[in-house]
Each structure stands twice: as C-alpha cells, then as structure tokens.
Amino acid sequence: QQMVQSIINIGKNLQMDVVAEGIETQAQLEMLTNFGCDRFQGYYFARPLDKADLMHFVEENRKPLS
C-alpha cells in the first residue's frame, strides 16, 4: 500500500491524472480513492467488451453534464 500511495503521490506532484488498472473489488476502489487516484479501470466495473458492447456500455453509463 505504501508503494501504491507513493506512485500516486508522484503523479500528483507532476500534476498528472492517475489511472489505476485492474480494479477487482470495492475495497481496492476505496483504498485507491482514499489515496487520491483519479480514474479507475478493471473487472469491478466491466469485463472486456467488444466494440458494439462497449458502445452500449458507455451510452448506458454516461453521466449527464452538470
């Protein structure tokens, strides 16, 4: 956890958005969120999708602009 937090801090110090890949559990998502990670990807959100299924997934999960 210390190494992950250090990597996130390095990205933040360089004014970068930090993306975590391979998220599989709510606990991992919560930990990385608490560490300041900006974006997430992994099986927790969706399994790999073909193009048509990806387009459908994006449309169904699009958040309205506020």
Side-chain angles (χ1 to χ4, degrees):
Q1 288 182 357
Q2 288 178 340
M3 184 179 292
V4 171
Q5 193 168 19
S6 294
I7 292 167
I8 292 170
N9 288 336
I10 290 169
K12 293 299 184 178
N13 289 337
L14 295 171
Q15 290 81 45
M16 300 172 82
D17 283 343
V18 179
V19 179
E21 297 185 359
I23 306 303
E24 295 185 8
T25 67
Q26 178 71 29
Q28 290 172 335
L29 177 61
E30 289 173 5
M31 178 189 71
L32 291 163
T33 299
N34 290 335
F35 288 169
C37 193
D38 301 298
R39 308 264 190 276
F40 311 93
Q41 172 276 316
Y43 282 176
Y44 178 74
F45 304 101
R47 299 284 180 193
L49 303 170
D50 63 28
K51 182 179 179 180
D53 290 336
L54 174 62
M55 297 302 289
H56 179 74
F57 178 84
V58 168
E59 287 299 320
E60 290 293 314
N61 293 283
R62 180 171 285 166
K63 294 181 183 176
L65 296 174
S66 302

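From a predicted model like this one, the values you see are computed outputs, not experimental measurements.
Judged purely by atom type and a 3.5 angstrom limit, Asp17 has no side-chain atom pairing as donor or acceptor with the backbone of Asp38. Judged by distance alone, with hydrogens and angles left aside, the side-chain atoms of Glu30 form no donor-acceptor pair with the main-chain N or O of Ala27 at under 3.5 Å. Side chain of Gln15 to backbone of Asn13: a donor-acceptor contact under 3.5 angstrom is found.
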Stepwise, does the side chain to side chain contact (heavy atoms under 4.5 Å, CB included) test hold for Phe45 with Leu29?
CA-CA 10 Å; Phe45 304 101; Leu29 177 61; 3.9 Å; yes

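Atoms CZ and NZ, from Phe35 and Lys12 in turn, are 13.5 Å apart once rounded to the nearest 0.5 Å. The distance from atom CD of Gln28 to atom OH of Tyr44, rounded to the nearest 0.5 Å, is 10.5 Å. Put simply, CD1 on Ile8 and CD1 on Ile10 are 10.5 Å apart, with the number rounded to the nearest 0.5 Å. Between the NZ atom in Lys51 and the CG atom in Asp53 there is a gap of 12.5 Å [rounded to 0.5 Å]. Leu49 CG to His56 NE2: the interatomic distance, rounded to the nearest 0.5 Å, is 10.0 Å.
The shortest distance between side-chain heavy atoms of Met31 and Asn34 does not fall below 4.5 Å. In this structure the side chain of Phe40 never reaches within 4.5 angstrom of the side chain of Val19, judged on heavy atoms.
For Cys37 against Val18, the heavy-atom pair with the smallest separation is SG-O, 3.4 Å.
Side chain to side chain, Gln5 and Gln1 fail the donor-acceptor criterion of an N or O pair below 3.5 Å.
No continuous path of hydrophobic side-chain contacts links Leu54 to Tyr43 [ILVMFWY only; heavy atoms under 4.5 Å].
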